[in-house]
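Below, each value reflects all heavy atoms present in this structure, side chains not excepted, and no hydrogens, waters or symmetry copies. Remember, it's 1-based here, ligands and their atoms both numbered in the order they're listed. Counting begins at 1 with the first residue of the sequence.
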Amino acid sequence: MTTQKKEVYNFQSEVKQLLHLMIHSLYSNKEIFLRELISNASDAIDKLRFESISSPLLYENDSQTKVQISINKAQRTLIISDNGIGMTRKDTIENLGTIAKSGTKSFLQSLEKQQSKKNELIGEFGVGFYSSFIVSEKVCVRTRYAGTKPEEGTLWESSGEGEYNVTNIIKKTRGTEITLFLKKEEEEFLETWRIKNIISKYSDHITVPVNIQNYDEKNKTYFWEQINKAKALWTLNKSSITNDEYKDFYKHLTNDQNDPLIWSHNHVEGNQEYISLLYIPKKAAWDIWNRDNKHGLKLYVKRVYIMDNSQEFLPNYLRFVRGLIDSSDLPLNVSREILQDNSITTNIRKALTKRSLKILDKLSKDSNEKYKTFWNQFGLVLKEGPAEDNENLSKIANLLRFASIKNNSAEQTLSLEEYISNMHEKQEKIYYITADSYISAKNSPHLELFKKNNIDVLLLSDRIDEWMMNYLVEFKGKKFQSISKEDISLNKLTEDKKIKNNELSKEMIEFLKRVKKFLGNQVKDVRLTYRLTETPCVLLSDSNEMTTQMAKLFSAAGQSIPELKYIFEINPKHLLIKKICLINDEIEFKEWIKLLLDQAFLAERGNLENPHEFISRMNKLLIQ
Ligand code: ADP
Ligand code: MG
């Protein structure tokens, strides 16, 4: 191997962009660089512990892992070193010259759009190693991978301006030592008390000791002082942990700057032995809608860190839950593949799913305000639940919130429990309508009968709703019913208002026949209706046909659908119908019927196949 081989490299363009953004927008919260560097050091020690399970030689006869911080005022340097796994020369180029995180590009773009929230977003994203350049004019990383020879060390240096260089060096101890050459105006970070403060603020929950070098004036000697507790919080007894400690730990775990809404900490014994600590955040992570979003719990086995983002312990619709699981039953050498096909995982996943739903139930009972926050952030994610998890369907349904006629607001706050307890005495089903928007659901002609009878209807307008309703069949014995479909349960409610054949005028019977004959198989049937009050006509789907919203979903997904045939219902009490009924001229009559049908289509679908024809026909009839 050639020693002193020095090479100059360019940063990946995303890194340059991130460096620029960070240096210019994080000036109010500079201190987080220390959190990031200590977190990396601790990760490196976790990795070493994990790797050494199969190769104990990696410890190089030194198993006392620690992070050490020392200050050199004369040289204006701050040095953070660890005896963790370290990096090879290749590692430094890959890890410190590029950003491996998926979604980085889209993240940077969203930052540019949301200037005002920049600080918050960057904090969440986890700025990582590069944050050292916020306070430093130059950064030197000396590192050596555990188990390699001293002469296989690497020096990585950069001033954060587009380039870095890499040199081979001799490094006796394994691990990484990072020297920050602080900018002149950042001398506050050379004060021991300041550093101690930052560490207790951000890094108390690091499970390895973090030591700072102190000077003893009396004896004129240096000594190391441990400044964090270095105890895994989740292993402690619940009663000995304060709320603030839980909150701090959450922030440490997630990089989220907000407090969590609620959490649950459990030591489980018996068939399975594990500890779980689950949190519900206040705010959705920036990438919750990314397809490759890395959600999931942090996994430990018998206190040893194994991996981040293990998705196997929670279903997808609960991907907003954060936290950790520490199992005593899984093998230490567990891999993602083993996790995926494992009865221990399956059992824990079942239990944690129930646990999460229970936390949410508790949240909904504890605080309306907090549950509203939760619903606004994660309601759409939870709505994936009915399709994904049939076993917990009723529990999920109980957590859903809706807009409704009576609630009279686009905000989704009504629970199904509340809906049922306010049902009309003759009402058997839970009525709902799906539409493209709240406004269009709220004003649908299908609602007229319900408004008149003082029956509440759930107004569904999220894209996922129609799909979700396929899986929500009933709640507490009450079936769900789309009101844009034909349905006999309504007969009971409208018995008295129903138009009996013998009450119908001869003209009306004749009229119905004429319309049927003219429309032929353009529609499934033509009927008189008792549903409408203010609208002359409406289209209904047959009870076993696809609804309009479902058809829209399918065609938006590029799927072909059979042509939908509707039942055309006409309101005989409407003035316009009474007027058309009297038209003898066949051509004029047909024009009016076409206009009515198009009106009904417009109300049902929100658009027409041929709007120009509709407009010119209407104008023609208006002039007459
Ligand atoms: P992240 O920690 O989210 O992966 P960072 O920017 O903080 O992102 O670090 C980038 C990578 O550099 C880490 O994933 C790790 O591989 C490597 N790294 C950083 N600091 C150390 C360290 N002290 N010891 C070993 N590897 C490190
Ligand atoms: Mg990091």
Side-chain angles (χ1 to χ4, degrees), residues 9 11-12 14-19 21-23 26 32-52 58 60 65-70 78-104 107-108 121-136 139-148 152-158 160 164 166 171 173-180 202-203 205-206 208 210-211 251-256 285-287 293-294 296 298 305 307-309:
Y9 297 87
F11 281 119
Q12 177 199 29
E14 278 97 355
V15 175
K16 285 186 205 165
Q17 225 178 323
L18 186 65
L19 277 170
L21 266 166
M22 229 166 26
I23 293 168
L26 280 185
I32 57 152
F33 78 91
L34 197 56
R35 172 190 77 190
E36 296 295 334
L37 295 183
I38 292 178
S39 134
N40 284 351
S42 150
D43 288 351
I45 289 171
D46 278 343
K47 275 182 212 157
L48 173 72
R49 286 183 187 163
F50 177 64
E51 293 293 336
S52 61
L58 293 182
E60 303 179 6
T65 48
K66 56 190 178 285
V67 180
Q68 296 190 313
I69 297 177
S70 50
L78 184 61
I79 302 169
I80 295 108
S81 69
D82 66 70
N83 55 358
I85 191 80
M87 283 179 274
T88 62
R89 182 182 172 112
K90 193 165 158 259
D91 287 342
T92 62
I93 296 168
E94 271 165 23
N95 299 336
L96 308 182
T98 59
I99 307 176
K101 277 196 191 88
S102 65
T104 303
F107 169 74
L108 288 169
L121 284 170
I122 287 193
E124 255 179 69
F125 179 72
V127 281
F129 169 77
Y130 302 109
S131 60
S132 39
F133 289 102
I134 305 174
V135 295
S136 316
V139 177
C140 293
V141 179
R142 287 180 183 78
T143 185
R144 179 170 68 73
Y145 194 78
T148 58
E152 291 183 56
T154 304
L155 168 65
W156 180 103
E157 296 173 292
S158 177
Y164 58 92
V166 181
K171 187 173 186 295
T173 52
R174 67 155 191 269
T176 305
E177 177 188 291
I178 299 180
T179 307
L180 306 180
Y202 294 113
S203 307
H205 300 294
I206 293 280
V208 292
V210 178
N211 302 330
K251 292 176 185 172
H252 159 72
L253 200 68
T254 60
N255 270 342
D256 185 353
W286 62 277
D287 58 351
N293 154 293
K294 285 217 180 92
K298 204 168 180 138
Y305 163 80
M307 64 176 92
D308 285 315
N309 311 119

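- With ligand atoms numbered from 1 in the order given, ligand 1 contributes 5 (P), 6 (O), 7 (O) to contacts under 4.0 Å with heavy atoms of Gly128.
- Ligand 1 has at least one atom lying under 4.0 Å from a heavy atom of Met87.
- Remark: ligand 1 and Tyr130 share no N or O pair separated by less than 3.5 Å (distance only, no angle test).
- Taking 2.8 Å as the threshold, Ser39 does not count as a candidate ligand of the Mg ion (ligand 2), since none of its N, O or S atoms lies below it.
- No donor-acceptor pair closer than 3.5 Å links the side chain of Gln68 to the backbone N or O of Ser81.
- With Tyr130 contributing its side chain and Leu96 its backbone, the two residues share a donor-acceptor pair below 3.5 Å.
- The pair Lys47-Glu51 fails the salt-bridge criterion, with no side-chain N (NZ, NE, NH1 or NH2) lying under 4.0 Å from an Asp/Glu carboxylate O.
- You'll find the side chain of Val210 reaches within 4.5 Å of the side chain of Ile38, heavy atoms only.
- Taking any N or O of Asp82, backbone or side chain, at least one lies under 3.5 Å from an N or O belonging to ligand 1.
- Of all atoms in ligand 1, listed by their number and element, those nearer than 4.0 Å to a heavy atom of Leu96 are 12 (O).
- When each atom of ligand 1 is checked for a heavy atom of Phe129 under 4.0 Å away, the hits are 5 (P), 6 (O), 7 (O).
- Separation of atoms OG (Ser39) and CG (Asn255) is listed at 7.0 Å; rounding is to 0.5 Å.
- Considering each of Lys47, Glu36, Glu94, the one bringing a non-hydrogen atom nearest atom 14 (O) of ligand 1 is Lys47.
- Checking Asn95, Thr98, Asp308 against atom 11 (C) of ligand 1, the nearest heavy atom belongs to Asn95.
- Taking distance alone, with nitrogen or oxygen atoms compared against 3.5 Å, Asp43 stays at or beyond that limit from ligand 1.
- For ligand 1, the polar-atom distance check finds no N/O of Ile178 at less than 3.5 Å from any of the ligand's N/O atoms.
- Classification of Arg144 and Glu60 as a salt-bridged pair holds, one side-chain N sitting under 4.0 Å from a carboxylate O.
- The side-chain heavy atoms of Lys66 and Asp82, taken from C-beta on, include no pair separated by under 4.5 Å.
- Note on ring orientation: taking the six-membered ring where Trp is involved, the planes of Tyr164 and Phe11 are tilted (angle from 30° to 60°).
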